[in-house]
Amino acid sequence: MSFASKLIDWYSEYGRDLPWRNTHNPYIIWLSEIILQQTRVEQGMPYFYRFLEHYPTVTKFAEAPEEDILRLWQGLGYYSRARNMHKAAKRVQDDFAGYFPTSYADVITLPGVGEYTAAAIASFSVNEPKAVVDGNVYRVLSRYFGIAEAINSTNGKKQFAALAQELLDKDRPGIYNQAIMDFGAIQCKPKNPYCETCIFRLDCVAYALDRVAELPIKLKGKKSKNRYFHYFIVREQGKMLMAKREEGDVWANLYEFPSIETAQEVAVDQLQDQPEFQHYFENGLMLTPVGSVVKHVLSHQNIHARFYVVESAADIKTTKNNWDYFLLEKIDKLAKHKLIFSFLERNEYLTNPDF
DNA sequence: AAACCGGGGAT
DNA sequence: ATCCCAGGTTT
């Protein structure tokens, strides 16, 4: 029996019953695939239901304000996915008359859709024979064939893509693609895979050579950098000062408290000596630290955040910045990043008008 | 080719 | 502390 047939048989017995698998609707499949990029199924699941409920069609998605979409996305990370989804939905509305495309060639032209997602949508919706190559596929193939080529090198990616396409079951591409990903997620896991009960136990090169734990091989990336953020909580007449982040850095377009960044850790009593601080604030503000340093770890940077309550709001140069006062109820509606809304959740008194 | 872009869970 | 998750875009 072929590699593909064994995999599909395994899938029919052990595969997961996931909500986006009970449809051929390319819009619903697209929704699930974008959400699941670099995201665990369990983490993405509630967001999938949330988006489908708010936007049952791509037309509804296209008509929504970006603010609403970002707010629904709040906490999921990689926020460019949400911004790209909105652009993609508008393109479907304009260039495809509101009918979500299903061909690989059409779908890959949409922002936020790369080779993996285009193959997933085309194969799941209309069985176009395009092999998906995601983290699961790299792992299964590198182990089964004993391929030591790095999965994040240009050469390695090309090799694995060609091999995946060759192995694809051309008569059942949709089910095959789901099968190999589920197999990687459930059986051929990154750590402690279930080799003893594996259907490929006798064929797997890595298992025969006792090299399962070493594969796949991945080149190490750059180390994370440390950044030091100082957030200022400014309340004035039932409103709070908020700032929208610019593009070109983390958390683009998301709201947070006004802040400055310093190159190093700075003591509270020296903060007002920083040039950045003096650029935005008058000297002599009364700063009351709230809590201690919050470490927020991202994939490529460690953020050390401090929060200060500013007692006298009058002297702040808000007109020179993109800072605005928002009613406390309105702040709840703003799309914020995790560091900010988890702070607000921990300090509900800050948003309580009765405070 | 390498850097950038989040947040969370498993080990 | 490290890895990795149904990756994609920009430089």
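Sequence lines set the chain letters: A, B, ... in the order given, protein chains first and strands last, and positions in each chain run from 1.
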> If the C1' atom of B/dA3 is compared with that of C/dA6, how far apart are they to the nearest Å?
Replying inline: 23 Å
> Looking at residues at least two apart in the chain, or sitting in another chain, which of them share a side chain to side chain contact (heavy atoms under 4.5 Å, CB included) with A/Ala64?
Replying inline: A/Tyr55, A/Ile69
> In Å, rounded to the nearest 0.5 Å, how long is the span from CG of A/Asn253 to CG of A/Leu70?
Replying inline: 6.5 Å
> Rounded to the nearest Å, what distance is computed from the CG atom of residue A/Asn152 to the C1' atom of nucleotide C/dG8?
Replying inline: 15 Å
> A/Phe183 vs A/Trp10 aromatic rings, parallel, tilted or perpendicular, using cut-offs 30° and 60°?
Replying inline: perpendicular
>> Here's a test for you: under ring-ring contact (aromatic ring centres under 6.0 Å, His included), which of A/Trp251, A/Phe307, A/Phe229 qualifies with A/His296?
In response: A/Trp251
>> Students often get this wrong, so: under 4.0 angstrom with heavy atoms, is A/Thr117 touching a base, only sugar-phosphate, or nothing?
In response: sugar-phosphate
>> Between P on C/dA6 and CD1 on A/Ile186, what's the gap in Å once rounded to a whole number?
In response: 10 Å
> Considering only the P atoms, how many Å lie between B/dG8 and C/dT9, rounded to the nearest integer?
Replying inline: 24 Å
> When you check every protein heavy atom under 4.0 Å of nucleotides 5-11 of chain B, what one-letter string (B, S, -) results, 5' to 3'?
Replying inline: BBBBB-S
>> Under 4.0 Å, heavy atom to any atom of DNA chain B: which of residues 124-139 of chain A qualify?
In response: none
>> From CH2 of A/Trp30 over to P of C/dG7, roughly how many Å is that when rounded to an integer?
In response: 17 Å
> Once the angle between the rings of A/His337 and A/Tyr231 is folded into 0 to 90°, is it parallel (under 30°), tilted (30 to 60°) or perpendicular (over 60°)?
Replying inline: tilted
> What's the CD1-P distance between A/Ile151 and C/dC4, to the nearest Å?
Replying inline: 7 Å
> Base, sugar-phosphate, or nothing: which does A/Lys157 touch, judged by heavy atoms less than 4.0 Å apart?
Replying inline: nothing
> Centre of A/Phe343's six-membered ring, under 6.0 Å away, within 45 degrees of the axis: is that where NZ or CZ of A/Arg346 sits?
Replying inline: no
> Using a cut-off of 4.0 Å on non-hydrogen atoms, how would the nucleic acid contact of A/Trp73 be classed: base, sugar-phosphate, or nothing?
Replying inline: nothing
>> List the residues meeting side chain to side chain contact (heavy atoms under 4.5 Å, CB included) with A/His304, not counting sequence neighbours, and say none if there are none.
In response: A/Asn226, A/Tyr228, A/Glu265, A/Val293, A/Lys295, A/Asn302
> Rounded to the Å, how far apart are A/Ile34 CD1 and C/dA6 C1'?
Replying inline: 10 Å
>> Just the rounded figure in Å: distance from P of C/dG7 to CD1 of A/Ile35.
In response: 13 Å
> Is it true that A/Lys330 and A/Asp324 make a salt bridge, defined as a side-chain N closer than 4.0 Å to a carboxylate O?
Replying inline: no
Protein-nucleic acid N or O pairs under 3.5 Å, nucleotides 9-11 of chain C:
{"residue": "C/dT9", "atom": "OP1", "partner": "A/Gly112", "partner atom": "N", "Å": "2.7"}

>> In this structure, how many angstroms lie between the P atom of C/dA6 and the OH atom of A/Tyr11, rounded?
In response: 14 Å
>> Check this for me: does any side-chain nitrogen of one of A/Lys244 and A/Glu67 sit under 4.0 Å from a carboxylate oxygen of the other?
In response: yes
>> Under the ring-ring contact (aromatic ring centres under 6.0 Å, His included) test against A/Phe232, which residue among A/Tyr280, A/Phe281, A/Trp323 passes?
In response: A/Phe281
>> So, using side chain to side chain contact (heavy atoms under 4.5 Å, CB included) as the criterion, who are the partners of A/Gln278 when residues are at least two apart?
In response: A/Asn283
> Is it true that the NZ or CZ of A/Lys239 lies under 6.0 Å from the centre of A/Tyr325's six-membered ring and within 45 degrees of the ring axis?
Replying inline: no
